[in-house]
Asker: 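Below is one structure. I have some questions about it.
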Amino acid sequence: MSTAPAPWLAVDPERCIGSGRCVLSAPAVFDQGDDDGLVRLLDPAPPEALRAGARNAAALCPSGAILVGGAAPQ
């Protein structure tokens, strides 16, 4: 029996303002919706090699819609 990795990232699309900084910082982890431009989380448990970009994306997010650590943004 295999288990999925625990989430390491969470996003709140309701807080997202569509700046796209997350996609520029970590395109393998984040995307933007074609219809609304809001953040889409591609990988909630990215490999270690992608985590620096994800951390940078969270730091650059102007609306605080990305949380590193797995809990939902407040």
Side-chain angles (χ1 to χ4, degrees):
M1 176 198 296
S2 69
T3 59
W8 184 75
L9 291 170
V11 298
D12 184 351
E14 292 184 20
R15 290 187 73 166
C16 180
I17 60 170
S19 74
R21 293 178 184 177
C22 55
V23 178
L24 293 173
S25 295
V29 180
F30 302 101
D31 196 6
Q32 286 180 281
D34 291 334
D35 57 336
D36 57 11
L38 300 181
V39 65
R40 303 289 190 267
L41 183 58
L42 300 176
D43 189 352
E48 189 63 38
L50 299 177
R51 290 186 177 194
R55 283 186 195 99
N56 190 46
L60 292 173
C61 181
S63 64
I66 301 169
L67 183 71
V68 176
Q74 300 286 324

Asker: Which residue pairs pass the salt bridge (charged side-chain N to carboxylate O under 4.0 Å, His left out) test with at least one member in residues 38-47, sequence neighbours excluded?
Answerer: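 Residue pairs passing salt bridge (charged side-chain N to carboxylate O under 4.0 Å, His left out), neighbours aside: Asp35-Arg40, Asp36-Arg40.
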Asker: I'd like a table of donor-acceptor pairs (distance under 3.5 Å, sequence neighbours excluded) in which one partner is a side-chain atom from residues 22-32, with atom names and distances.
Answerer:
unit_1	atom_1	unit_2	atom_2	d
Ser25	OG	Arg21	O	3.0
Ser25	OG	Asn56	ND2	3.4
Gln32	NE2	Gly18	O	3.3
Gln32	NE2	Gly37	O	2.8

Asker: Closest approach of Ser63 and Cys16, non-hydrogen atoms and distance?
Answerer: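 Minimum heavy-atom contact is OG-CA, 3.6 Å.
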Asker: Flag yes if Ile66 and Leu41 sit in one hydrophobic cluster, no otherwise; membership is Ile, Leu, Val, Met, Phe, Trp, Tyr, and two members link when side-chain heavy atoms are under 4.5 Å apart.
Answerer: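 Per the 4.5 Å side-chain linkage, Ile66 and Leu41 are co-clustered.
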Asker: When you group the ILVMFWY residues by side-chain heavy-atom contacts below 4.5 Å and let the links chain together, are Val39 and Leu50 in the same group?
Answerer: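 As far as the 4.5 Å side-chain criterion goes, Val39 and Leu50 are connected within one cluster.
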Asker: With sequence neighbours left out, what residues match Glu14 under side-chain contact (heavy atoms from CB on, under 4.5 Å)?
Answerer: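 For Glu14, the residues satisfying side-chain contact (heavy atoms from CB on, under 4.5 Å) (neighbours in sequence not counted) are Asp12.
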Asker: Measure across Ala54 and Trp8 and return the closest heavy-atom pair with its distance rounded to 0.1 Å.
Answerer: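 Taking Ala54 first and Trp8 second, the nearest heavy atoms are CB-CZ3, 3.7 Å.
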